Peer 1: 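So that we are looking at the same thing, I have put the structure below in structure tokens.
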Amino acid sequence: MKKVRQVVVVLYDKVDTLDFTGPHDVFGVAGFVGGDFRVGTVSEKGTPVTTVSGITIAPQYGFDQCPTADILIVPGGLGSRTEIANERLIAWIREAAGEAELVLSVCTGALLLAQAELLEGLRVTTNRTAYELLRSMVSSQDTTVIEDVRYVDNGRIVTSGGVTAGFDAALHVVARLCGEARATEVASRLEYAWQAKLDIRRAGIEDVEAIRGLLVGAAQWIKQEVGFVQWREERFTAEYVAQWMQKSEMFVASMNGRTVGCFAVQWGYEEIWGELNSEEAGYFHKFAVSRECQSMGIGTRLINWAEGYVGDRGKTRLRLDSMGDNPALNQYYVRQGFAFCGRYDGQGWAAHLYERSVGGLQTDAKPS
């Protein structure tokens, strides 16, 4: 039976109209298309609220009657700056967020999450007029406010910039949960030019230099951030990339005309997986995302797309291997739902083997 996620949008006086109606419509249309989202609204007492632009909205629920939120949406608006002093609202948001699968704040809704102590240690964003206020509200030095981005994805908590950025963040969440094809269809039905839309396609010879740049950038970042050499930059020549394109299916992802990610899919990898190698799996390799797109959740969407791609070809598992000495990367794959399957020991290095079941995510790719 298909899981139906309950989406709950929090309302209060002087909430911004587009902050909540944008994401509300994104999930409403996504639910209409796929039958897997149900959207409701809630205010403290369940009584009507008036938006900052003067529209009166009658919420479906009060706090005491509201169903448990699988996805909690906290919009912003001028009212958020006063509602941070509403102890009952903040306590309810904190409790509802603790039970939710995912929390999305729009615009200055991030102030309410900060007041509920939900942003500690994260990378976050908000409306550009509230950057400094948000910085003053988070106590942890590990919390970083990112400026001039549409949204920031921390996994369970996603924060967006102002107003229409909430559309992009909500479509990103739909893409994460249901695949790129669903999010693209929702944006089309809303006639919205989705600024974070990913165009994923099979790579051609014209993409060699862009792929090489992504792989070199990933190697440099791992060396800088983790402190050891996982990939050697000099290995990634144009010839090396071209060879990989011949022996695997190589893909590139672009956003607004700029290449932002790449990966390869193979249909076997016996040299690493040995007797565990299976024709029922697709093998995910050469995965890199532009560091300029850090915290946008693009990696998750590429992995999900690859899962849908191998599923479309009758495979039941998506597999990958990760350098054993890179705990942060191994933890990332575990957070993506991969299960540890084993270990390969090479000469002076080791790889951890992971797989996850194909869950039915759809792509718009045509069988080759």
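These values consider heavy atoms only, across backbone and side chains, with no hydrogens, waters or symmetry-generated copies. Quick note: residue numbers are just sequence positions, from 1. This structure is a prediction, so every number in the text was calculated from the model and none was measured.
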Peer 1: Can you check side-chain contact (heavy atoms from CB on, under 4.5 Å) on Ile71 and Gln6, steps first, answer last?
Peer 2: CA-CA 6 Å; Ile71 299 174; Gln6 176 69 58; over 6 Å; no
Peer 1: Less than 4.0 Å between a side-chain N and a carboxylate O, is that true for Glu180 and Arg301?
Peer 2: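 Salt bridge: yes.
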Peer 1: For residues Gln266 and Glu249, is any side-chain donor paired with an opposing acceptor at under 3.5 Å?
Peer 2: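 No, no side-chain donor-acceptor pair sits under 3.5 Å.
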Peer 1: Please list all pairs passing the ring pair (Phe, Tyr, Trp, His ring centres under 6.0 Å) test where one or both residues lie in residues 79-137, with sequence neighbours left out.
Peer 2: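 For residues 79-137: Phe63-Trp92.
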Peer 1: Hey, do the aromatic rings of His285 and Tyr269 have their centres closer than 6.0 Å?
Peer 2: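 Ring-ring flag for His285/Tyr269: true, centres closer than 6.0 Å.
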Peer 1: Between the side chains of Tyr354 and Gln336, is a donor N or O closer than 3.5 angstrom to an acceptor N or O?
Peer 2: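 Note: Tyr354 and Gln336 side chains miss the donor-acceptor criterion.
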Peer 1: Same cluster or not: are Trp273 and Trp349 linked, directly or through other Ile, Leu, Val, Met, Phe, Trp or Tyr residues, by side-chain heavy atoms under 4.5 angstrom apart?
Peer 2: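 Yes, because Trp273 and Trp349 connect within a single hydrophobic cluster, where side-chain heavy atoms sit under 4.5 Å apart.
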Peer 1: Does any donor atom in the side chain of Ser254 or Thr259 lie under 3.5 Å from an acceptor atom in the other side chain?
Peer 2: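 No, Thr259 and Ser254 have no side-chain donor paired with an acceptor closer than 3.5 Å.
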Peer 1: I'd like to check Leu320 versus Tyr283 (side-chain heavy atoms, cut-off strictly below 4.5 Å). Are they in contact?
Peer 2: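 No; the side chains remain at least 4.5 Å from each other.
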Peer 1: Between Ile211 and Val252, is the side-chain contact (heavy atoms from CB on, under 4.5 Å) condition met? List the steps.
Peer 2: CA-CA 8 Å; Ile211 294 171; Val252 290; 3.6 Å; yes
Peer 1: Does Leu329 offer a backbone N or O that forms a donor-acceptor pair with the side chain of Asn326 under 3.5 Å?
Peer 2: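 Side chain of Asn326 to backbone of Leu329, a donor-acceptor pair under 3.5 Å: yes, one is there.
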Peer 1: Before we go on, tell me: are the rings of Tyr333 and Phe340 under 6.0 Å apart, centre to centre?
Peer 2: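 Here the rings of Phe340 and Tyr333 have centres that are no less than 6.0 Å from each other.
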Peer 1: In terms of hydrophobic clusters joined by side-chain contacts under 4.5 Å, are Ile84 and Leu118 together?
Peer 2: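 Per the 4.5 Å side-chain linkage, Ile84 and Leu118 are co-clustered.
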Peer 1: Check this for me, if you would: do Lys45 and Asp64 make a salt bridge, where the nitrogen-to-carboxylate-oxygen distance has to be below 4.0 angstrom?
Peer 2: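 No, no charged N to carboxylate O under 4.0 Å.
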Peer 1: Is there a donor-acceptor pair under 3.5 Å between the side chain of Thr237 and the backbone N or O of Tyr240?
Peer 2: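 Present.
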Peer 1: Whether Arg212 and Glu209 form a salt bridge (side-chain N of Lys/Arg under 4.0 Å from carboxylate O of Asp/Glu) is what I want to check.
Peer 2: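 Yes.
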Peer 1: Answer yes if Val173 and Val124 sit in the same cluster of Ile, Leu, Val, Met, Phe, Trp and Tyr residues linked by side chain heavy atoms under 4.5 Å apart, and no otherwise.
Peer 2: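 Looking at the clustering, Val124 is in the same group as Val173.
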Peer 1: Would you say that more than 12 heavy atoms from the other residues, nucleotides or ligands in this model lie under 6.0 Å from the CD of Glu275, or not?
Peer 2: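 Not more than 12 within 6.0 Å, no.
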Peer 1: For atom CD of Glu147, is the number of surrounding heavy atoms from other residues, nucleotides or ligands below 6.0 Å larger than 12?
Peer 2: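 Result for CD/Glu147: enclosed.
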Peer 1: Regarding Arg343 and Asp321, does a basic nitrogen lie under 4.0 Å from an acidic carboxylate oxygen?
Peer 2: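 Asp321 and Arg343: not salt-bridged.
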Peer 1: I'd like to know if the side chain of Asn86 pairs up with that of Tyr12 as donor and acceptor (distance under 3.5 Å, no hydrogens or angles considered).
Peer 2: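 On atom types as modelled, these side chains do not qualify, holding no pair under 3.5 Å.
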Peer 1: Check whether the ring centres of Trp305 and Phe284 lie less than 6.0 Å apart, and answer yes or no.
Peer 2: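 When the ring centroids of Trp305 and Phe284 are compared, they turn out to be at least 6.0 Å apart.
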Peer 1: Are Asp199 and Arg201 within salt-bridge range, i.e. N to O under 4.0 Å?
Peer 2: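 A salt bridge is absent here (no side-chain N lies under 4.0 Å from a carboxylate O).
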Peer 1: Side-chain heavy atoms nearer than 4.5 Å, only ILVMFWY residues, links allowed to pass through others: does that put Met296 and Val152 together?
Peer 2: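 No; tracing contacts between hydrophobic side chains, which count when under 4.5 Å, never links both residues.
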Peer 1: Has Arg356 got its NZ or CZ under 6.0 Å from the middle of the six-membered ring of Phe338, at an angle within 45 degrees of the ring axis?
Peer 2: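 So Arg356 does make the cation-pi contact.
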Peer 1: Could you walk me through whether Phe236 and Trp244 pass the ring-ring contact (aromatic ring centres under 6.0 Å, His included) check?
Peer 2: CA-CA 10 Å; Phe236 297 129; Trp244 256 95; 9.9 Å; no
Peer 1: Answer yes if Leu190 and Val163 sit in the same cluster of Ile, Leu, Val, Met, Phe, Trp and Tyr residues linked by side chain heavy atoms under 4.5 Å apart, and no otherwise.
Peer 2: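 Yes.
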Peer 1: Establish, yes or no, whether a centroid distance under 6.0 Å links the rings of Trp194 and His172.
Peer 2: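 They do not qualify: ring centres at least 6.0 Å apart.
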Peer 1: Counting N and O atoms only, with roles assigned by atom type, does the side chain of Glu185 sit under 3.5 Å from a partner on the main chain of Arg182, one being a donor and the other an acceptor?
Peer 2: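 Here the side-chain-to-backbone pair does not exist.
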Peer 1: Could you give the distance from SG (Cys107) to CG (Asp19), rounded to the nearest 0.5 Å?
Peer 2: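 It comes to 4.5 Å.
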Peer 1: For the backbone of Thr41 and the side chain of Gln60, can you confirm whether one donor and one acceptor N or O come within less than 3.5 Å of each other?
Peer 2: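 A pair under 3.5 Å: yes.
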Peer 1: Using a distance-only test with no angle check, is there a side-chain donor-acceptor pair under 3.5 angstrom linking Thr300 and Arg176?
Peer 2: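 No, no side-chain donor-acceptor pair sits under 3.5 Å.
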Peer 1: Is any NZ, NE, NH1 or NH2 atom of the basic residue among Lys315 and Glu307 found under 4.0 Å from an Asp or Glu carboxylate oxygen of the other?
Peer 2: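 No, Lys315 and Glu307 are not salt-bridged.
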Peer 1: Run the side-chain contact (heavy atoms from CB on, under 4.5 Å) check on Val42 and Val9 step by step: do they pass?
Peer 2: CA-CA 6 Å; Val42 64; Val9 184; over 6 Å; no
Peer 1: Has Ser80 got a side-chain atom pairing as donor or acceptor with Gly77's backbone, closer than 3.5 angstrom?
Peer 2: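 Looks like yes, one N/O pair under 3.5 Å.
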Peer 1: Do the charged groups of Glu83 and Arg88 touch, with an N to O distance under 4.0 Å?
Peer 2: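 The answer is no: the pair does not qualify as a salt bridge.
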Peer 1: State whether the number of non-hydrogen atoms from other residues, nucleotides or ligands found under 6.0 Å of Glu99 atom CD is greater than 12.
Peer 2: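 Enclosed.
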Peer 1: After noting the C-alpha distance and the side-chain angles of Asp36 and Leu177, does the key distance pass the side-chain contact (heavy atoms from CB on, under 4.5 Å) rule?
Peer 2: CA-CA 10 Å; Asp36 44 10; Leu177 298 177; over 6 Å; no
Peer 1: Can you establish whether the number of heavy atoms outside Glu101 located under 6.0 Å from its atom CD is more than 12?
Peer 2: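 Yes, the 6.0 Å shell around CD holds more than 12 heavy atoms from other groups.
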Peer 1: Would you say CD of Gln141 has more than 12 non-hydrogen atoms from neighbouring residues, nucleotides or ligands within 6.0 angstrom?
Peer 2: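 No, CD of Gln141 has 12 or fewer neighbouring heavy atoms, counting only those of other groups under 6.0 Å.
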Peer 1: Please check if the side chain of Asp13 supplies one atom and the backbone of Thr50 the other of a donor-acceptor pair under 3.5 Å.
Peer 2: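 Flag set: sc Asp13 to bb Thr50 pair under 3.5 Å.
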Peer 1: Taking Thr126 as the fixed residue, which of Leu119, Leu133, Leu134 is the one that meets the side chain to side chain contact (heavy atoms under 4.5 Å, CB included) rule?
Peer 2: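 With Thr126 as partner, Leu119, Leu133, Leu134 yield a single side chain to side chain contact (heavy atoms under 4.5 Å, CB included), made by Leu134.
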